S.K.: 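Questions regarding the structure given below will be posed in turn.
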Amino acid sequence: MAKLIIGLLVSYLAVAGVKAWAHGGGEHVLGTVTAIDGGRIEVKTPKGSTVSVRLTDKTQYRTKGQAGAQERPQVGDRVVIETIGDGQALTATEVRFARQKGK
């Protein structure tokens, strides 16, 4: 019985560790940019809701696999945003984006 409990505990810790590492402790916001200014970005998700995410001077941008991109996303671009926060007040740590075709 003790071996079973230890085995279950080890399995749980292994899975929990991978899950925490995979998500980096934050949320992902993905969708299409509907509005952007110097301090926030709004994203329409595939489910149709709009999420507002705060941008800071520490927010990193990545496009076409290049970190520290000089470009910034624009309305219509597809984004995946790594955030920190509690779901009500999200702050972007990294914004990965792809240009809308035709831009």
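Here the structure is a predicted model, which means the values were calculated and not measured. For the single chain, residues carry numbers from 1 onward in sequence order.
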S.K.: Using 0.5 Å steps for rounding, measure from the CZ atom of R72 to the OH atom of Y61.
M.R.: 5.0 Å
S.K.: Between T83 and V29, is a side chain to side chain contact (heavy atoms under 4.5 Å, CB included) present by the stated rule, with each step listed?
M.R.: CA-CA 8 Å; T83 68; V29 175; 4.1 Å; yes
S.K.: Output the distance between atom CD (Q60) and atom CZ (R96), rounded to the nearest 0.5 Å.
M.R.: 11.0 Å
S.K.: What distance separates R99 CZ from Q74 CD, expressed to the nearest 0.5 Å?
M.R.: 4.0 Å
S.K.: Please output the side-chain donor-acceptor pairs of residues 50-58 that fall under 3.5 Å, not counting sequence neighbours, one pair per line with the distance.
M.R.:
residue : atom : partner : partner atom : Å
T56     : OG1  : K58     : N            : 3.1
T56     : OG1  : T59     : N            : 3.4
T56     : OG1  : T59     : OG1          : 3.4

S.K.: Return the minimal non-hydrogen interatomic distance between P46 and G31, and the atom names on each side.
M.R.: CD-CA, 4.4 Å
S.K.: Does any pair with a residue in residues 31-43 pass salt bridge (charged side-chain N to carboxylate O under 4.0 Å, His left out), and if so which ones, sequence neighbours excluded?
M.R.: D37-R40, R40-E42
S.K.: For the CD atom of E82 and the CG atom of L90, what is their distance to the nearest 0.5 Å?
M.R.: 11.0 Å
S.K.: With a 4.5 Å cut-off on side-chain heavy atoms, are T34 and V43 touching?
M.R.: no
S.K.: Restricting to non-hydrogen atoms, name the atom on P73 and the atom on I41 that form the minimum distance, rounded to 0.1 Å.
M.R.: CG-CD1, 4.1 Å
S.K.: Atom OG1 of T63 and atom CZ of F97: how far apart are they, to the nearest 0.5 Å?
M.R.: 4.0 Å
S.K.: Roughly how far, to the nearest 0.5 Å, is the OG1 atom of T32 from the NZ atom of K44?
M.R.: 8.5 Å
